[in-house]
Amino acid sequence: MGNDRYTLYDDAEWYFEKALANYIYDYQKNEASLTDEDYKIINEYAGNHIAYFITWIIKNKFESNFFAETLNVSGSVEAVRNETMTGADFLFEHCDGKLDGEMLSDEILPFVDWFYEKYYFDRYYVDWVIRVMDDLPLEMQWSWEDYHSFEKVLNRRYEIYMEKQRSFKEWEEKRKRSAGTE
């Protein structure tokens with residue numbers, strides 16, 4: 001990916017058809033009878049994994065100035081931090097269901113490049129939903145309780161990433177010092 005400010009990392013629209021099919025099957029409805037509330041739930045099914053991640057970004061103050069300067073939604077950012085607005089509501093009201101590089105600070109962009117596409121959905125989110133939540137991906141609605149459970153997974157992955165970065169820098173410095181003494 002390469003620290004591209006314009007990278008589209010994820011989009012709830014990519015998962016909408018599967019979330020719709022799951023919802024129709026689970027609730028024995030047909031598409032013609034779905035209400036606006038049904039579609040809101042289906043959107044949450046499709047975008048919860050993105051909403052959890054963007055919430056983690058916001059709560060850790062890793063968002064760029066994009067929300068404040070471009071979208072003028074700093075009040076909503078604070079509402080997510082204070083847990084008076086859900087990450088799912090924020091994602092759909094202000095991000096069009098998408099996570100892209102414009103939303104991310106320079107500080108977090110390398111982590112997102114390393115982690116999100118390679119590992120996030122398949123290895124961590126799906127595993128957590130199945131093992132911890134005893135549920136299925138693309139069939140969960142937003143809750144702060146669930147977010148706090150998954151937040152621990154994200155925090156640990158970030159800690160591991162930062163430890164690897166420190167170890168690499170230490171190794172590189174040692175290598176440079178020893179090369180300079182020979």
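These figures come from a predicted structure and were not determined experimentally. All residue numbers refer to positions in the sequence shown, counting from 1.
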- Answer yes or no: does atom CD of Glu78 have more than 12 heavy-atom neighbours from other residues, nucleotides or ligands under 6.0 Å? yes
- For the atom pair CD (Glu107) and CG (Leu104), what is the distance rounded to the nearest 0.5 Å? 11.5 Å
- Which atoms form the tightest heavy-atom contact between Gln141 and Ile41, and what is the distance? NE2-CG1, 3.3 Å
- Quick one: are Thr55 and Trp142 in side-chain contact, heavy atoms under 4.5 Å? yes
- Message: Is it true that, when you exclude Glu145 itself, more than 12 heavy atoms of the residues, nucleotides or ligands shown sit nearer than 6.0 Å to its CD?
- Response: no
- Query: In chain order, what residues pass the side-chain contact (heavy atoms from CB on, under 4.5 Å) check against Tyr27, with sequence neighbours excluded?
  - Reply: Tyr23, Lys29, Tyr45
- Exam field: side chain Asp100 to backbone Glu102, donor-acceptor pair closer than 3.5 Å: yes
- Message: If I take atom CG from residue Leu34 and atom NZ from residue Lys40, how far apart are they, to the nearest 0.5 angstrom?
- Response: 15.5 Å
- Which class fits the ring pair Tyr116 and Phe53: parallel under 30°, tilted 30 to 60°, perpendicular over 60°? perpendicular
- Item | Hydrophobic cluster identity match, Phe111 and Ile160, side-chain contacts under 4.5 Å | no
- Item | Any Arg157 side-chain heavy atom under 4.5 Å of Tyr161 side chain | no
- Query: Is there side-chain contact between Leu91 and Asn43, with heavy atoms separated by less than 4.5 Å?
  - Reply: no
- Query: What closest approach, in Å, do Lys59 and Arg81 show between heavy atoms, and which atom pair accounts for it?
  - Reply: NZ-O, 2.9 Å
- Item | Contact check, side chains of Ile54 and Val80, non-hydrogen atoms, under 4.5 Å | no
- Contacts of type side-chain hydrogen bond (donor to acceptor under 3.5 Å, both in side chains), residue Ser64, not counting sequence neighbours: none
- Side-chain contact, heavy-atom cut-off 4.5 Å: Met140 with Tyr52? yes
- How about Ile108 and Phe115: do any of their side-chain heavy atoms sit closer than 4.5 Å? no
- For the atom pair NE2 (His148) and CH2 (Trp144), what is the distance rounded to the nearest 0.5 Å? 6.0 Å
- Task: Return the orientation label for the Tyr15 and His49 ring planes: parallel under 30°, perpendicular over 60°, tilted otherwise.
- Result: perpendicular
- Query: Any side-chain heavy-atom pair from Asn48 and Asp146 closer than 4.5 angstrom?
  - Reply: no
- Check for a donor-acceptor pair, side chain of Asn30 on one end and backbone N or O of Ala32 on the other, with a separation under 3.5 Å. yes
- Query: Asn82 side chain to Thr84 main-chain N or O, any donor-acceptor pair under 3.5 Å?
  - Reply: no
- So, Asp38 and Thr35: side-chain donor and acceptor under 3.5 Å apart, yes or no? yes
- Message: I'd like to know whether CG of Asp36 has more than 12 heavy-atom contacts from other residues, nucleotides or ligands below 6.0 angstrom.
- Response: no
- Do Tyr9 and Ile50 have side chains that get closer than 4.5 Å, going by heavy atoms? no
- Task: Would you check, one step at a time, whether the test side-chain contact (heavy atoms from CB on, under 4.5 Å) holds for Ile57 with Met103?
- Result: CA-CA 9 Å; Ile57 293 291; Met103 301 170 181; over 6 Å; no
